[in-house]
Amino acid sequence: MNKKIELLAPAGDLERAKTAIRFGANAVYLGGKRFSLRSRASNFDLCDIKEACDYAKEHGAHIHVTVNMIPHDEDLDGLEDYLKELENAGVTAVIVASPSIIQVVKKVAPKLEVHLSTQMSTTNLKAIEYYKRLGVDRIVFARECNLEEVTFIAKNSPIPTEAFIHGGMCVNYSGRCTLSNAMTLRDANRGGCAQSCRWKYHLLQDEQEVSTMDNLFSMSSKDLMAVEFMYDLMEANVASLKIEGRMKSAYYIASVVHAYRKCIDEIGLTGQRLSPERLAYYVDELAKAENRPTSSGFYRGLPTYRDHLYGINGAGVTHDFVGVVLSYDEVSKTALVQVRNVFTINDELEVFGPKIDNESFIVQSIVNGDNCKIDIANQPMTEVRVPIPFTVYPEDMIRRK
């Protein structure tokens, strides 16, 4: 069993990268402003990437950078200089989806590991053997592989493998989508996906509409949650377990990383499958961050209609995340909290963090910045003082129980 398996988390900006590492990620993948899918959403310039690498190094973690667009000739301008800068910044690996970029990395930035993106739809050992000859250091499974295929390939692969365990799925084959191009002129494979699969459509049959205004058609699948397969993936010696979600919030990343970190550590310590009770516990922990229904993806085989989203357009918003601890006074047992969502006197809240494991308390009082007692904290980003009867730490998060 791979007890040192890597937990790989996403980050859309520097704050989220640091959050992922604090809450237990061994590595973080992120994208710059060029050469990356999701490039429209990324806030990472080279200075931020360098700071993320420095922070990761201090905490024994690594930074991987996506260079995973499908490039046209004009997209390659500046690539060599960019890769050299990533290497100099301390990046561990680049995630690529083009043989041309693999060759450039090996030529100009040989210290960088090359991880082959899921965009390359790798589903068999022969393909992995071929990519190894090109110099690829790690292969990311196509999301269409079932558990039996992942297990067989991971145990026999000549290079380390990486598998998705959580987050959004794609209705096309490992993200090879052209819907966005056709509908919005935004190339999904060059960093501009408009997420057309999550739109709602009028459905026609023989030129007659069969959909209704209150039940339009969508193509989006449920998100992946693979916590029940963690023992199998670790036993198969998969090298890295990957969470999707570079556009997700810091709270989402903290919650999901924290849950999977505890799950991996528990399985590694016991060497056993999770009991039904412990599995239910982790499913509940992950559900606290979810804003879309989840399924097992392809791990059990081809998804069915039960794994599809009906009547849901994109993600909902959760208000369970209510605050971040800024400081804690051990004498008065009072925390200074930055408000994120509404909470009131007598609410039962729960604190979680890298050093604290889901401890709850009842809100007895709230004191605002003017030193006045209030019954409700409802102004986001303001600071209030709240008694908490146990020790909490800066950057711990508070959510509804």
Side-chain angles (χ1 to χ4, degrees), residues 1-10 26-27 29 35-37 62-71 83 86 91-107 109-167 169-170 172-177 189 224 226 229-244 264 296-303:
M1 173 178 287
N2 183 7
K3 295 183 179 180
K4 295 183 179 180
I5 197 166
E6 176 185 88
L7 179 59
L8 177 59
N26 305 109
Y29 68 98
F35 308 111
S36 169
L37 302 185
H62 302 283
I63 298 296
H64 304 170
V65 174
T66 56
V67 190
N68 60 343
M69 71 187 308
I70 307 299
L83 292 170
L86 294 182
V91 171
T92 296
V94 288
I95 305 169
V96 307
S98 169
S100 63
I101 295 180
I102 295 171
Q103 292 175 331
V104 176
V105 175
K106 291 300 178 181
K107 175 186 174 184
K111 293 180 182 178
L112 291 175
E113 291 183 14
V114 175
H115 297 177
L116 198 71
S117 170
T118 190
Q119 301 292 119
M120 293 300 283
S121 306
T122 305
T123 57
N124 61 80
L125 275 172
K126 290 295 183 183
I128 294 176
E129 291 168 359
Y130 168 73
Y131 289 125
K132 181 179 185 297
R133 292 196 295 272
L134 292 185
V136 171
D137 300 288
R138 180 191 291 182
I139 196 83
V140 184
F141 281 108
R143 293 181 226 197
E144 293 73 27
C145 290
N146 61 40
L147 182 61
E148 182 179 353
E149 292 168 333
V150 168
T151 300
F152 174 78
I153 293 170
K155 287 184 175 180
N156 292 280
S157 174
I159 56 177
T161 57
E162 178 177 303
F164 279 92
I165 57 168
H166 203 90
M169 300 289 283
C170 183
N172 215 299
Y173 212 88
S174 289
R176 295 186 177 189
C177 183
N189 296 297
L224 171 66
F229 306 108
M230 297 300 289
Y231 176 87
D232 301 281
L233 295 171
M234 294 171 68
E235 184 69 17
N237 286 320
V238 171
S240 179
L241 302 176
K242 187 171 191 173
I243 299 166
E244 183 276 338
I264 290 169
S296 58
F298 284 81
Y299 279 117
R300 285 202 182 93
L302 288 176

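Just so we're clear, the structure is a prediction, and the values are computed from it rather than from any experiment.
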List the residues meeting salt bridge (Lys or Arg N to Asp or Glu O under 4.0 Å) with Glu149, not counting sequence neighbours, and say none if there are none.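 Partners of Glu149 under the salt bridge (Lys or Arg N to Asp or Glu O under 4.0 Å) test: none.
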What's the spacing between [X] [atom1] and [Y] [atom2] if we round to 0.5 Å?
{"X": "Ile101", "Y": "Ile95", "atom1": "CD1", "atom2": "CD1", "result": "12.0 Å"}
{"X": "Ile264", "Y": "Glu6", "atom1": "CD1", "atom2": "CD", "result": "10.0 Å"}
{"X": "Arg300", "Y": "Leu147", "atom1": "CZ", "atom2": "CG", "result": "10.0 Å"}
{"X": "Glu162", "Y": "Ile139", "atom1": "CD", "atom2": "CD1", "result": "10.0 Å"}
{"X": "Lys107", "Y": "Leu83", "atom1": "NZ", "atom2": "CG", "result": "11.5 Å"}
{"X": "Glu144", "Y": "Cys170", "atom1": "CD", "atom2": "SG", "result": "8.0 Å"}

Is it true that a side-chain atom of [X] and a backbone atom of [Y] form a donor plus acceptor pair closer than 3.5 Å?
{"X": "Asn237", "Y": "Asn2", "result": "yes"}
{"X": "Asp137", "Y": "Val114", "result": "yes"}
{"X": "Thr66", "Y": "Asn68", "result": "no"}

Start with the C-alpha distance between Ile165 and Leu7, add both sets of side-chain angles, then the distance that settles side chain to side chain contact (heavy atoms under 4.5 Å, CB included), and finish with yes or no. CA-CA 10 Å; Ile165 57 168; Leu7 179 59; 4.2 Å; yes
Side-chain heavy-atom pair [X], [Y] within 4.5 angstrom cut-off:
{"X": "Arg138", "Y": "Ser157", "answer": "no"}
{"X": "Thr151", "Y": "Val238", "answer": "no"}
{"X": "Val67", "Y": "Leu86", "answer": "yes"}

Minimum heavy-atom separation for [X] and [Y], please, with both atom names.
{"X": "Val140", "Y": "Thr122", "result": "O-CB, 4.4 Å"}
{"X": "Leu125", "Y": "Ile153", "result": "CD2-O, 3.9 Å"}
{"X": "Pro158", "Y": "Ile128", "result": "CD-CG2, 3.8 Å"}
{"X": "Pro71", "Y": "Ser98", "result": "CD-CB, 3.6 Å"}
{"X": "Ile243", "Y": "Pro10", "result": "O-CD, 3.4 Å"}
{"X": "Phe298", "Y": "Met169", "result": "CD1-CE, 3.8 Å"}

How would you list all residue pairs meeting ring-ring contact (aromatic ring centres under 6.0 Å, His included) that involve residues 113-158, not counting sequence neighbours? His64-His115
Give the C-alpha distance, both sets of side-chain angles, the deciding distance and a yes or no for side chain to side chain contact (heavy atoms under 4.5 Å, CB included) between Ile102 and Leu116. CA-CA 9 Å; Ile102 295 171; Leu116 198 71; 3.8 Å; yes
In this structure, are over 12 heavy atoms from other groups packed under 6.0 Å from Glu129 atom CD? yes
Residues, nucleotides or ligands: over 12 heavy atoms within 6.0 Å of Lys106 NZ: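 Yes, enclosed.
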Using the side chain to side chain contact (heavy atoms under 4.5 Å, CB included) rule, take Leu241 and Leu8 through it: C-alpha gap first, then chi angles, then the decisive distance, then the call. CA-CA 6 Å; Leu241 302 176; Leu8 177 59; over 6 Å; no
Cationic N near anionic O, under 4.0 Å, Arg143 to Glu244: no
